[in-house]
Protein chains: 4
Amino acid sequence: MSSAPRGRPRDADVDARIVLAARAAIIDTGYDALSVEGVAARAGVAKTTVYRRYPGKAELVLAAVASAIHEAPVPDLGSLRLDLERLVDDHIHQLQHGHLGAMVRALQLALAERPDLAPLASGGFLAERKRDVDVVVDRAIARGELPPGVDREMVFDLCFGAVFMRGIVMHLPIARDYGHRLVATALRGYGVVE
Amino acid sequence: MSSAPRGRPRDADVDARIVLAARAAIIDTGYDALSVEGVAARAGVAKTTVYRRYPGKAELVLAAVASAIHEAPVPDLGSLRLDLERLVDDHIHQLQHGHLGAMVRALQLALAERPDLAPLASGGFLAERKRDVDVVVDRAIARGELPPGVDREMVFDLCFGAVFMRGIVMHLPIARDYGHRLVATALRGYGVVE
Amino acid sequence: MSSAPRGRPRDADVDARIVLAARAAIIDTGYDALSVEGVAARAGVAKTTVYRRYPGKAELVLAAVASAIHEAPVPDLGSLRLDLERLVDDHIHQLQHGHLGAMVRALQLALAERPDLAPLASGGFLAERKRDVDVVVDRAIARGELPPGVDREMVFDLCFGAVFMRGIVMHLPIARDYGHRLVATALRGYGVVE
Amino acid sequence: MSSAPRGRPRDADVDARIVLAARAAIIDTGYDALSVEGVAARAGVAKTTVYRRYPGKAELVLAAVASAIHEAPVPDLGSLRLDLERLVDDHIHQLQHGHLGAMVRALQLALAERPDLAPLASGGFLAERKRDVDVVVDRAIARGELPPGVDREMVFDLCFGAVFMRGIVMHLPIARDYGHRLVATALRGYGVVE
DNA sequence: GGCTAATCGAGACGGTACGTCAAGTCTTCCA
DNA sequence: TGGAAGACTTGACGTACCGTCTCGATTAGCC
């Protein structure tokens with residue numbers, strides 16, 4: 001089907017080193033201070049070798065961010081409230097104490113430069129969270145906690161949108177109980193029966 | 001107290017031309033493609049003259065974005081639902097059809113580069129919207145639509161956060177009825193009495 | 001002595017295509033703009049295949065120039081003057097209107113990069129001209145036009161050196177009667193008896 | 001007449017350092033191995049500072065070669081033969097033992113890349129030698145050594161052309177008595193009366 | 001009215017990174 | 001083994017801005 005692979009095949013180890021170097025660079029220098037030149041050096045690889053794989057900085061960063069997604073088990077704590085609280089709190093925690101903040105910020109900047117790559121990015125970590133939310137929502141409906149006709153898009157958007165705005169867009173601090181208050185308000189909005 | 005201004009005073013016209021040029025640059029080239037050098041040229045001003053006013057690109061952009069805030073009358077349509085719908089819909093409209101999208105994106109990027117400037121930015125257009133929301137919330141409490149102990153921070157965060165996430169962070173399209181659905185869900189969350 | 005040829009024999013057609021491609025490249029792009037990569041592409045051959053035959057660009061070009069030498073009959077017009085005029089005029093003509101100019105220039109550049117290859121090149125087209133001159137000089141001596149003790153090296157150097165300097169080194173124009181004036185002066189220098 | 005000098009004036013010391021660095025580079029690495037980047041580094045100057053002065057490598061080298069011309073007193077030894085011998089011998093000596101060889105070779109290469117710069121170069125050291133020759137020729141005519149109608153262009157071309165061909169184009173050795181034999185033959189060609 | 005001081009335009013300067021090109025070597029598959 | 005394809009390292013290309021600097025020419029207030 002696809003043509004036979006001709007010529008010297010790409011070195012998988014090189015692939016890995018580039019992505020790792022990019023990730024490290026994002027975490028400790030940020031998107032703007034990151035340069036293709038620097039990533040290449042950090043990866044111990046020639047600049048051209050990076051450009052052969054990624055047309056530019058934006059694509060490189062997108063790939064690095066995508067590679068940083070780590071699977072987390074979807075919580076199943078018995079009630080929608082507990083599940084959502086767990087998801088939101090984890091998210092806030094990773095934004096503030098893990099590397100997720102740096103990654104999301106980098107993603108944003110890359111998309112700001114290259115809006116055309118947005119579809120490529122949507123399939124990434126955001127979709128992951130959306131899927132998690134969908135799972136816990138389905139279980140809640142099955143348990144009768146949520147009315148079947150609930151506006152599913154909103155469940156995700158309300159809970160995560162507010163966190164994004166404060167944490168990412170506006171660089172505002174997020175209080176310790178913020179997640180719980182957020183979920184409490186949103187649940188009432190969905191008409192949760194408890 | 002402050003010493004008398006010695007030497008040649010700054011040219012106010014130059015101030016204006018720089019900010020206008022920066023705004024125009026943000027709108028039609030975006031933050032990353034914007035250069036201090038380019039803004040200076042566009043303003044018909046020497047590079048030094050820009051640097052004398054703003055230490056760098058981030059500060060220049062922040063000033064330009066701040067200058068783009070336009071006062072809008074706070075809606076007073078008789079019910080919290082109508083007022084919030086108006087605020088949210090206006091916001092969505094400006095994000096998608098006006099220059100607000102470009103401005104917010106630029107703001108974001110400037111803050112991503114220079115998180116230390118965040119407080120400086122919070123006083124800007126975001127605070128403006130927050131104040132608008134507070135006004136309509138106060139009226140709703142006075143009318144008895146909202147319980148007095150409502151989580152006020154959430155009113156703003158829920159309604160605008162979701163819009164930010166979709167429109168700015170993720171570059172996703174926003175459906176025509178999105179604002180109404182958003183407000184409907186949120187209002188239930190606040191325990192609105194209708 | 002030499003080991004029996006093992007493995008797949010070299011393709012003679014490939015040899016030819018490479019040299020032709022190199023010659024074409026010299027003529028229409030010049031030495032500096034010529035790249036091994038480009039020659040390989042032009043010849044429809046892999047870069048490796050070129051490198052297997054020639055260690056580098058200089059050697060490739062030398063081979064191409066050498067292959068461009070074309071045998072011309074030595075003139076025999078009855079007098080040294082006429083013979084030399086013919087040789088010099090032909091040379092000037094080829095330098096200016098044929099591809100010889102490009103070839104000599106490429107040769108020069110290759111030697112400038114790799115002076116160690118000079119002996120390899122001397123055996124080339126220069127020797128060819130030198131031999132031509134020697135033939136007409138011998139005939140002139142036999143005819144009694146030239147004294148037997150004439151400084152033979154000078155015959156060639158004077159007539160061709162001046163042309164080289166103007167045409168190749170200095171890129172100066174060469175007047176139509178330049179060759180005749182040159183030969184006239186030189187002949188007197190040799191003590192020609194007419 | 002000329003417009004007033006605006007902006008910060010160029011640093012003359014920088015001018016000098018660049019030219020000196022280029023000259024040094026020509027002498028010890030040759031034209032091809034010379035890079036604008038390297039010259040900038042050697043001069044302790046930013047790459048852009050070089051490019052601000054010279055559009056490219058060819059122009060830089062031309063300027064460096066031009067700056068290497070050193071005034072030498074025109075010989076006046078009493079006879080055309082002695083004067084020409086002195087000029088030619090000096091030239092040969094500088095080609096072989098001084099830096100002139102490297103300079104001329106670099107000049108050649110620069111012109112091969114950029115033939116359009118030829119006029120710019122002709123004004124250089126070549127013109128200098130031509131002028132020297134003209135001076136000694138004038139004196140010879142005044143003394144009655146040369147007929148007034150001598151082909152002046154040939155005096156220079158014959159004597160120096162042969163040297164160029166052997167020394168520069170063909171990288172051939174030049175015998176110790178080569179200059180004398182050359183001048184002897186040429187002088188007869190000019191119809192010198194002794 | 002001259003002095004002092006800052007503004008403004010212009011552009012040089014040392015840097016950093018850009019994205020591209022070619023050099024020459026190496027690795028893999030196919031014939 | 002020869003040949004085609006292409007990955008890989010290396011190094012330079014010429015360009016764009018960065019933020020700092022040094023000029024000359026204005027343009028004020030103050031003595």
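The sequence lines fix the lettering, A, B, ..., with proteins before strands; numbering per chain opens at 1.
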B:Thr49 vs B:Arg52, test: side-chain contact (heavy atoms from CB on, under 4.5 Å). Steps then yes/no. CA-CA 5 Å; B:Thr49 303; B:Arg52 198 172 294 120; 4.0 Å; yes
Write down the atom of B:Ala112, the atom of A:His171, and the distance for their closest heavy-atom approach. N-NE2, 4.1 Å
Taking all non-hydrogen atoms of both residues into account, name the closest pair between B:Leu62 and B:Ala110 and its distance. CD1-CB, 3.6 Å
Nearest heavy-atom neighbours spanning A:Ile18 and A:Val39: O-CG1, 3.9 Å
Taking only distance into account, with no hydrogens and no angle test, what donor-acceptor pairs under 3.5 Å do side-chain atoms of residues 20-38 of chain D form with protein atoms, sequence neighbours excluded?
from: D:Arg23; atom 1: NH1; to: D:Ser67; atom 2: O; distance (Å): 3.2
from: D:Arg23; atom 1: NH1; to: D:Ser67; atom 2: OG; distance (Å): 2.6
from: D:Asp28; atom 1: OD1; to: D:Arg42; atom 2: NH2; distance (Å): 3.0
from: D:Thr29; atom 1: OG1; to: D:Ala25; atom 2: O; distance (Å): 2.9
from: D:Tyr31; atom 1: OH; to: D:Glu113; atom 2: OE2; distance (Å): 3.0
from: D:Ser35; atom 1: OG; to: D:Gly38; atom 2: N; distance (Å): 2.8

Could you check C:Val61 against C:Leu107 for side-chain contact (heavy atoms from CB on, under 4.5 Å), going step by step and ending with a plain yes or no? CA-CA 7 Å; C:Val61 166; C:Leu107 179 63; over 6 Å; no
I need the NZ-P distance between D:Lys57 and F:dC13, as an integer number of Å. 7 Å
Grab the CZ-C1' distance between A:Arg10 and F:dT9 for me, whole Å please. 15 Å
Selection: residues 42-54 of chain A, any non-hydrogen atom under 4.0 Å of DNA chain E: A:Lys47, A:Thr48, A:Tyr51
Can you tell me the distance, in whole Å, between the CG atom of B:Asp15 and the C1' atom of E:dC8? 12 Å
Report the residues that fulfil side chain to side chain donor-acceptor pair (under 3.5 Å) with D:Arg53, sequence neighbours left out, ordered by chain and then residue number. D:Asp15
Minimal heavy-atom distance between A:Leu117 and A:Leu111, with the atoms involved, is C-CD2, 3.8 Å
Quick one: list whatever passes side chain to side chain donor-acceptor pair (under 3.5 Å) with B:Arg17, sequence neighbours left out. B:Asp13
Heavy-atom nearest pair, B:Val65 first then B:Ala106, reads CG2-CB, 4.4 Å
In whole Å, I'd like the distance from the CD atom of D:Glu113 to the P atom of E:dA22. 14 Å
All N/O pairs under 3.5 Å across the protein-nucleotides 26-28 of chain F interface:
from: F:dT26; atom 1: O2; to: B:Arg8; atom 2: NH1; distance (Å): 2.7

Which residues, if any, of residues 16-40 of chain C bring a heavy atom under 4.0 Å of DNA chain F? none
